[in-house]
Colleague: 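To start, I am sharing the structure in question, which I have written as structure tokens.
A, B, ... follow the sequence lines: proteins, then strands. Residue 1 opens every chain.
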Amino acid sequence: METPLLGFEPRCPHLFITNSRLSSSLPHPTLSVRTLTATTVVKSPATVVAAEAPRTKPHSKSFLSRKSAISEIEQSPDFLSSLQRFARVLKVQDLNVILRDFGISGRWQDLIQLFDWMQQHGKVSDSTYSSCIKFVGAKSVSKALEIYQSIPDESTKTNVYICNSVLSCLVKNGKLDSCIKLFDQMKRDGLKPDVVTYNTLLAGFIKVKNGFPKAMDLVGELPHNGIKMDGVMYGTVLAICASNGRCEEAESFIQQMKDEGHSPNIYHYSSLLNSYSWKGDYKKADELMAEMKSVGLVPNKVMMTTLLKVYIKGGLFERSRELLSELESAGYAENEMPYCMLMDGLSKTGKLEEAMTIFDDMKVKGVKSDGYANSIMIAALCRSKRFEEAKQLARDSETTYEKCDLVMLNTMLCAYCRAGEMESVMRMMKKMDEQAVSPDYNTFHILIKYFIKEKLHLLAYQTLLDMHSKGHRLEEELCSSLIYHLGKVRAHSEAFSVYNMLRYSKRTICKDLHEKILHILIHGKLFKDAYVVVKDNAKVISQPTLKRFCKAFMVSGNINLVNDVLKVLHGSGYKIDQVQFEMAIARYISQPDKKELLLQLLQWMPGQGYVVDSSTRNLILKQSHLFGRQLIAEILSKHHIVSRTMVRSRSEPKFSRAQRGK
DNA sequence: TTAGGGTTAG
């Protein structure tokens, strides 16, 4: 509740005094500053001054009674009954004031109740919706959307304030895609987006990976809508540049804003500086600091810390240490962040010992830590394969810090896995569960690798299924390793399921993997699945493996698919040999009810340049009474003709080569 | 008469 007051006071202290004076003149004895702030802060200063400066214009009776009704309702333990009493006095805007007060003070249930009441009594305005959606959206996006969808009037649904409120709540909840979709729909329905709308959407791209091009598309739309960028939007756009490492674009936006008469503030400069940190461009960073000082801006703690980041990324460790000392003397290093950055930078460039010195130093100085420093050192020790020390530090962290975030938990988990501490691994998993921290891609990855190492292959498989069902991308190397191990323990269909998950996650996969799974499937006698793999990937599978598949299928595969398999193999450029035809034909002969299939095969062969050899031919002739003598004779004679032309064509080139030789 | 942004660490 302090926030609005603090934000309010320094700007217009006189107003605050006026308010205090006003409070004594109000009828309600328990009226507090809290309520006053909440109610007056939403008015434009002009309104407040005009309405509340007693000397220039006394308040009307109705104004005062509405004021007191508002504060009474806000403070009533049973606000609905107070609301009933004042129902006739209060205007929609008064109810909106109460609604916002509930929102600011986190009275969510009351807010919903009030909103329902307002709807029932037909006392809603556009601002009711925009405020309500804003506050409700902070807690539940779906409820906010529900409110938006329930708006009966179509033109209200495209009110720019209401739309901005809805869009903002989607962005703040990380639902950028649905936000953009809804935005397009709103435009089709008649929304005229303004600078706030675009800025709301742009803000969604700040922390999004690869959000830069999409953000630039939006910026490109601005001129078509007659919208000019303002200082706020430049701030957003610069933050997007910075978080995507686009320093050139950031420079050009800074230039553009200067050309348009805006003066960059410390935030604009900070983003530009941050964009230099990607490549560690300390030269430009130094120039920037100089420019900033020349226009009278004083670098703050964040800016200095960002500069430190640039130096570290640029590998200037001596200067980094100096800057860290400066931060210390300026009182900007009272928490662990700058130390963390330096330790991380050092350890990632192989300077583990120097990182440890900083770490010890930090402890000696009594720098406040939330566990980040430990986490960084655990990761650093793991990188250097010093697992015992990593494990020990993880233990220390567990006892020292009660709260852990996902990254810390992952780091500790990793240390325990690498050190082979099963009990601790399980404890970490339980901890995650208890703290309701949902595992991310890294968690799954660490666990699966560990389970494989411990030969808990089926557990690894289950974990991978879990990972997949949670929508995480699957990494090929990990899957490939799991497939290999599942194959080894004869979990053939599990191996195939991993292969399929990888394959259907729409990525091109290494061709060796098709071959690998094919061997496993053949080994597991899963011929139908093997056939599917061959059908889709025959061109990238080696000839010996195809041969192995073909032989195995001819012997034990589903007889109804034998011809299909041969056709697919042939279609891929694989040359089927006599032995394989003989196997297929022998199988058909042993199963005379499949005579149609045999006839189809025999009829297909000559057209592709295949003929039966003499032993197979004899085999067929011996049993030809089963298949129709006449038909068999006709087909075999066709094979004979083809075989003669084949012999001729094989000998001809030899002959001509010999002739050319002469 | 209501909606928007911004800088730092693993």
Colleague: Over all strands shown, is K301(A) touching base, sugar-phosphate only, or nothing at heavy-atom distances under 4.0 angstrom?
Modeller: nothing
Colleague: Between the side chain of N164(A) and the main-chain N/O of V160(A), is any donor-acceptor distance below 3.5 Å?
Modeller: yes
Colleague: Looking only at the side chain of T306(A) (C-beta and beyond, no hydrogens), which of the listed nucleotides dT8(B), dG5(B), dT2(B) gets closest?
Modeller: dT8(B)
Colleague: Would you call Y267(A) stacked on dG5(B), i.e. ring centres under 5.5 Å apart with the planes less than 30° off parallel?
Modeller: no
Colleague: Is it true that a side-chain atom of N173(A) and a backbone atom of G137(A) form a donor plus acceptor pair closer than 3.5 Å?
Modeller: yes
Colleague: Taking 4.0 Å as the cut-off, does a side-chain nitrogen or oxygen of S168(A) come that near to OP1 or OP2 on dG4(B)?
Modeller: yes
Colleague: Could you work out which one of dT7(B), dA3(B), dA9(B) sits closest to the side chain of S131(A)?
Modeller: dA3(B)
Colleague: Assign D126(A) to base, sugar-phosphate, or nothing according to its heavy-atom contacts below 4.0 angstrom with the strands shown.
Modeller: base
Colleague: Picking from dT2(B), dG4(B), dG5(B), which would you name as closest to the side chain of T200(A)?
Modeller: dG4(B)
Colleague: Counting just side-chain N and O atoms, does K172(A) come under 4.0 Å of either OP1 or OP2 of dG4(B)?
Modeller: yes
Colleague: Touch check for V237(A), heavy atoms < 4.0 angstrom, all strands: base, sugar-phosphate only, or nothing?
Modeller: nothing
Colleague: Which whole-number value in Å describes the distance from H262(A) NE2 to dG5(B) P?
Modeller: 18 Å
Colleague: If the condition is side chain to side chain contact (heavy atoms under 4.5 Å, CB included), which residues does V295(A) pass it with, not counting sequence neighbours?
Modeller: Y269(A), L297(A)
Colleague: Heavy atoms under 4.0 Å, any strand shown: does G371(A) hit a base, just sugar-phosphate, or nothing?
Modeller: nothing
Colleague: Between dT1(B), dG10(B), dA9(B), which nucleotide gets closest to the side-chain atoms of M341(A)?
Modeller: dA9(B)
Colleague: Within the supplied structure, the quantity of interest is the number of heavy atoms (other residues, nucleotides, ligands) at a distance under 6.0 Å from K175(A) NZ; does it exceed 12?
Modeller: no
Colleague: Are the ring centres of Y234(A) and H262(A) closer than 6.0 Å?
Modeller: yes
Colleague: Taking the minimum atom-to-atom distance to the side chain of K207(A), which one of dT8(B), dG5(B), dA9(B) wins?
Modeller: dT8(B)
Colleague: Quick one: does NZ or CZ of R427(A) land under 6.0 Å from the six-membered ring centre of Y416(A), within 45 degrees of the ring axis?
Modeller: yes
Colleague: Please check: side-chain N/O of T156(A) versus main-chain N/O of P152(A), any donor-acceptor pairing under 3.5 Å?
Modeller: no
Colleague: Which part of the nucleic acid, if any, lies within contact of A379(A), taking any heavy atom under 4.0 Å across all strands shown: a base, the sugar-phosphate backbone alone, or nothing?
Modeller: nothing
Colleague: Please tell me which of V196(A) and V407(A) maps to the more 5' nucleotide of DNA chain B, matching each residue to the nucleotide holding its nearest heavy atom.
Modeller: V196(A)
Colleague: Just how far, in rounded Å, is P of dG10(B) from OH of Y401(A)?
Modeller: 17 Å
Colleague: Quick check: any donor-acceptor pair below 3.5 Å linking the side-chain of D230(A) to the base of dG4(B)?
Modeller: yes
Colleague: Using whole Å, what does the distance between atom P of nucleotide dA9(B) and atom CG of L342(A) come to?
Modeller: 14 Å
Colleague: Just N and O in the side chain of N274(A): are any of them under 4.0 Å from OP1 or OP2 of dT8(B)?
Modeller: yes
Colleague: Students often get this wrong, so: under 4.0 angstrom with heavy atoms, is M304(A) touching a base, only sugar-phosphate, or nothing?
Modeller: nothing
Colleague: Quick one: W278(A) CH2 to dA9(B) P, roughly how many Å, whole number?
Modeller: 10 Å
Colleague: Remember a base hit wins even if backbone is also touched, and classify N410(A) as base, sugar-phosphate or nothing at under 4.0 Å, heavy atoms.
Modeller: nothing
Colleague: Can a donor-acceptor pair under 3.5 Å be found between the side-chain atoms of N265(A) and the base atoms of dG6(B)?
Modeller: yes
Colleague: Is the side chain of D110(A) donor-acceptor paired with the backbone N or O of R107(A) at a distance under 3.5 Å, no angle test?
Modeller: no
Colleague: Report which part of the nucleic acid I206(A) touches: base, sugar-phosphate, or nothing (heavy-atom distance under 4.0 Å, all strands).
Modeller: sugar-phosphate
Colleague: Would you classify T236(A) as touching base, sugar-phosphate or nothing, given that sugar-phosphate means primed atoms plus P, OP1 and OP2, and contacts are heavy atoms under 4.0 Å?
Modeller: sugar-phosphate
Colleague: Around D177(A), counting heavy atoms of other residues, nucleotides and ligands shown, do more than 12 lie under 6.0 Å from its CG?
Modeller: no
Colleague: What class does the angle between the rings of F183(A) and Y198(A) fall in, given that below 30° is parallel, 30 to 60° is tilted and above 60° is perpendicular?
Modeller: perpendicular
Colleague: How long is the line joining CD of E336(A) and P of dT8(B), in whole Å?
Modeller: 17 Å
Colleague: Of all of residues 139-165 of chain A, which get a heavy atom below 4.0 angstrom from DNA chain B, listed by number?
Modeller: Y161(A), N164(A)
Colleague: Using whole Å, what does the distance between atom C1' of nucleotide dG6(B) and atom CG of L273(A) come to?
Modeller: 14 Å
Colleague: Using whole Å, what does the distance between atom C1' of nucleotide dT8(B) and atom CD of E326(A) come to?
Modeller: 16 Å
Colleague: Please check the phosphate of dT2(B) (OP1 and OP2 only) for any side-chain N or O of K134(A) closer than 4.0 Å.
Modeller: no
Colleague: Check the distance between dG6(B)'s P and Y198(A)'s OH and give it to me in whole angstrom.
Modeller: 19 Å
Colleague: Compare the minimum distances between each of dG10(B), dT1(B), dG5(B) and the side chain of S127(A), then state the nucleotide with the smallest one.
Modeller: dT1(B)
